[in-house]
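Proteins come first, then strands; the chains are lettered A, B, ... in the order of their sequence lines, and each starts at number 1.
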Amino acid sequence: MIWKLSLTGIKSRLKDYLVLFSGLTVASMVFYMFLAIAVNPAFIKNDIHVRTDYLKYIFIFGIVLLVIITLVYLLYADTFLLSMRKHDYGMYMMLGAKSTRIGRLIFGETLITGLLATFLGLILGFGLTWISLKILISKLGLEIPHFQVILPNAIIITIAFFLVIFLVVALANVYKLTHTPVITLLHEDQAPVKFRYRPFLRVIEAAGGVFLLAIGYYVMTLPKEQVFKIIPTALVTIVIGSYLIFAAVFSSLVGLLLKRKSFSYHGIRMFTLGQLKFRLQSYTRVLTMISLLFALALGAITVGLNFDSLNDLATQSVYYDATIVSNSSAVKKAESKLDVISKQTYHYKETKKILYFDQAELSKQPAKYVSVNYSNNRGVTQYTVKALQVNKISDSNAIDNTIFMRMVPNHGQQKVKLVSSKELSKLSGQKNFVSLLRVKDFRQAYPIIAKIESQQVKEKPAFSALVPQSKAAFYGNSLAYSSSFEFMGFFLGFAFLTMLASTLMFKVLSGAAGDKAKYRMLYQMGTRKQLLRRSIKAEIGVLFLLPALLGVIDVLFGLQLFKDLLENPYRSIWIPFVIFIILYSFYYLLTVKLYEKLVLTKE
Amino acid sequence: MTEILRVEQVTKTYGKRGEKQYQALKGINFTVNSGEYVAIMGASGSGKTTLLNILSTLDKPTSGHVFINHEDNSTLNANQLADFRSKQIGFIFQDFNLLENLTNRENIALPLSLQGISTKRIDPLIDRIAGRLGIEQILAKYPAEVSGGQKQRVAAARALVHEPAILLADEPTGALDSKSARELLDTMEDLNQNDGITTLMVTHDPFAASFASRILFIKDGKIGKQMLKNELSRQEFYHLLIDHLDTDE
Ligand SMILES: Nc1ncnc2c1ncn2[C@@H]1O[C@H](COP(=O)(O)OP(=O)(O)OP(=O)(O)O)[C@@H](O)[C@H]1O
Ligand SMILES: [Mg+2]
């Protein structure tokens with residue numbers, strides 16, 4: 001009987017339930033995707049250019065962040081769920097249902113809702129994982145034609161994680177509801193909100209908030225030698241500063257507007273302002289959290305997108321773009337596709353102790369190398385291109401060694417000796433050659449060069465010793481990390497933005513039941529529906545706008561932290577901003593629609 | 001004497017056609033003149049709230065007409081109805097219905113600002129009605145900080161501040177203790193007698209009804225009978241009413 005009641009209760013709020021349900025589904029879907037990428041066997045075997053096994057740590061880091069935001073999100077989603085059901089539960093109890101039965105009902109409802117959403121999320125997660133892996137693999141330049149998206153491990157972990165969370169949430173719900181007096185369950189909507197007056201304290205809080213935020217922003221622009229002092233300082237001052245600003249500044253401003261009668265005694269403004277003044281008070285924590293996490297999400301996407309510029313840095317320490325040691329037709333064919341701007345070829349023979357190089361070839365075009373200088377005290381590395389000094393070659397010279405190491409596999413103990421080409425021909429042993437290439441656009445040529453190197457490893461296994469030193473390897477690894485970061489920053493940022501916007505939505509909607517009476521009263525007093533709608537739009541608009549504004553300002557200053565690491569941390573900042581605006585507007589409109597449906601009674 | 005309210009052949013049927021229907025009002029007719037104080041009494045389920053909702057334009061009659069200040073409600077669209085309510089009607093409810101997020105002064109100011117009355121004129125109007133109802137001291141407080149009786153006075157001030165054609169009250173003393181109820185009824189009587197405020201009150205409490213100058217009895221969706229106070233004192237009217245209710249059972 002009571003389960004039947006429960007079902008009818010849910011049915012009557014089906015649309016609200018669907019919103020909640022889809023939110024939970026998205027959470028488990030994204031969670032599974034990250035997990036499936038992190039533990040994916042496709043990445044366990046290393047590519048010759050890319051150490052993919054380390055990539056999983058990036059995704060595990062992503063999962064940790066995702067767990068945090070999921071918990072926050074579920075907290076507010078649950079509050080909304082309870083706010084929808086509270087009245088019903090209270091009624092059953094008033095009708096004499098035992099609180100243990102109600103407890104079981106609440107427990108069951110929460111758990112079933114949660115698990116259904118998890119399962120649906122898993123199924124959708126398979127699809128999302130497939131798409132993401134496709135994108136990721138092509139970004140990494142890997143050749144993995146077959147990969148799995150249905151991974152038992154990831155499925156089990158996802159289910160276990162959400163099961164545990166929903167168990168805890170369900171138990172907490174049972175506790176909360178069975179320990180609240182029935183009368184409060186039935187009439188909580190009417191309970192007046194407490195309001196703190198103490199104007200003096202307000203002024204101090206407001207001033208403190210602005211001051212702390214200013215400090216936080218300022219330290220982020222300081223030089224980065226003391227980054228370990230800057231970040232904790234910025235973190236503490238900005239968190240506390242934002243909190244104080246939400247606690248004091250905004251609601252005081254609204255209070256002031258309310259007092260300015262020439263402004264507030266105007267249509268429905270007074271009501272809207274009155275609502276906001278209290279809302280901002282009781283929303284202090286959510287709004288603070290949302291503004292900070294917004295900033296993190298926007299920052300993560302922006303920085304992630306900018307990591308690409310690190311790939312150029314990675315290639316700077318190697319002078320030549322490709323090393324060719326084979327003249328098989330496969331290699332030649334691939335080479336012909338390159339836009340070569342310079343090519344120099346050296347011939348050599350090797351014995352156990354000595355490497356014989358053709359002196360004429362080396363003297364004519366001395367091999368070049370990049371000298372790396374880390375000594376700069378701001379942590380900026382300097383790269384200088386130098387040429388081999390052929391007449392000064394000696395076996396004790398480390399630089400010479402590294403140059404020849406990039407040309408001859410397993411060159412270590414051998415002495416280098418320059419001989420004429422005639423002498424070289426007379427020496428016993430096989431005559432080898434090595435060609436050093438520079439191409440017009442390395443990034444563009446990378447896939448072909450990577451292919452040439454793999455082909456050469458196939459033909460001459462010894463060549464594999466040269467690969468890790470090659471520009472292609474440096475670039476490939478850098479690309480793998482930057483793409484993973486970019487991908488993760490993007491996805492995680494996206495997930496964060498969505499969950500935060502919907503957290504705010506649930507928070508607003510949780511208060512709707514309590515506002516219903518107010519809107520009915522205004523309607524009875526003769527307020528036009530359009531005016532009520534306008535008031536709702538304005539009120540929710542301000543609640544959405546304030547954390548977004550503060551979050552955006554946080555990012556703009558926060559990116560200063562990356563100005564030494566990245567060429568221009570503000571590059572492509574418009575991408576996350578556009579995504580943010582679209583997502584956020586969507587949630588704003590959705591919230592307004594749902595809220596209107598909850599508070600405005602039909603005639 | 002001018003007519004403020006005329007109710008003509010009003011019926012109300014709940015439930016859609018084809019479904020189970022229930023006729024809550026079965027042809028109501030009466031008029032209220034300017035300056036009158038009318039109470040509508042009836043047992044639970046007799047249709048009092050239904051009638052009041054129709055009078056206040058919150059609900060539409062199934063048939064019949066309601067004229068307030070000679071204007072027929074049924075010809076108005078939703079926005080015109082809203083404007084009509086905000087100008088012509090003042091409400092007092094059993095559960096006060098004050099906005100907890102606004103101070104008492106702001107609550108009273110709301111109907112005026114909704115009507116677009118100029119800012120400068122609003123405060124003097126509030127002060128005048130607050131003085132009349134004896135709530136000057138609590139205007140700066142929030143509703144949650146004052147007593148039930150005071151809340152109902154604030155609600156009355158809000159209902160009257162824009163000088164509506166008629167004050168409609170649904171069980172205004174229902175949530176008050178007897179002392180506060182008495183004070184509110186005294187005030188309403190005073191406002192009616194000295195300020196000429198036309199009042200229509202719905203109640204099932206004979207004591208509250210005895211303050212009115214005329215009582216309409218509603219039974220099974222029809223006005224059965226009416227009683228006039230005429231020259232009787234309030235106590236005498238009260239006793240007459242009790243006797244009438246006893247014999248009616
Ligand atoms: N929305 C509705 N749908 C169907 N029937 C209704 C509806 N509202 C009221 N009724 C019925 O109409 C009749 C009159 O109801 P109304 O609320 O007007 O009574 P009332 O006189 O105000 O009673 P009370 O003194 O208990 O408030 C009742 O029988 C009630 O069941
Ligand atoms: Mg009623």
* Asked: Going by an N to O cut-off under 4.0 Å, is there a salt bridge joining A:D515 and A:R279?
  -> yes
* Largest heavy-atom contact set with chain A, pairs under 4.5 Å, which of B:L102, B:L112, B:D123 -> B:D123
* Where do B:K48 and B:G42 come nearest, in terms of heavy atoms and distance? -> NZ-O, 2.8 Å
* Check each atom of B:F84 against the heavy atoms of chain A and say whether the ones under 4.5 Å are side chain, backbone, both or neither. => neither
* Asked: With a 4.5 angstrom heavy-atom cut-off, which part of A:L522 approaches chain B: side chain, backbone, both or neither?
  -> side chain
* To do: Could you check B:N101 against B:Y142 for side chain to side chain donor-acceptor pair (under 3.5 Å), going step by step and ending with a plain yes or no?
  => CA-CA 7 Å; B:N101 290 347; B:Y142 283 90; over 6 Å; no
* Asked: Does any heavy atom of chain B fall under 4.5 Å from the side chain of A:L531, the backbone, both, or neither of them?
  -> side chain
* Asked: Between B:E163 and B:R128, is the closest basic N to carboxylate O distance under 4.0 Å?
  -> yes
* To do: Considering only heavy atoms and a distance below 4.5 Å, find which of B:A109, B:S113, B:P143, B:S86 pairs most often with chain A.
  => B:S113
* side chain to side chain contact (heavy atoms under 4.5 Å, CB included) partners of B:N69, counting only residues at least two apart -> B:I4, B:Q88, B:A165
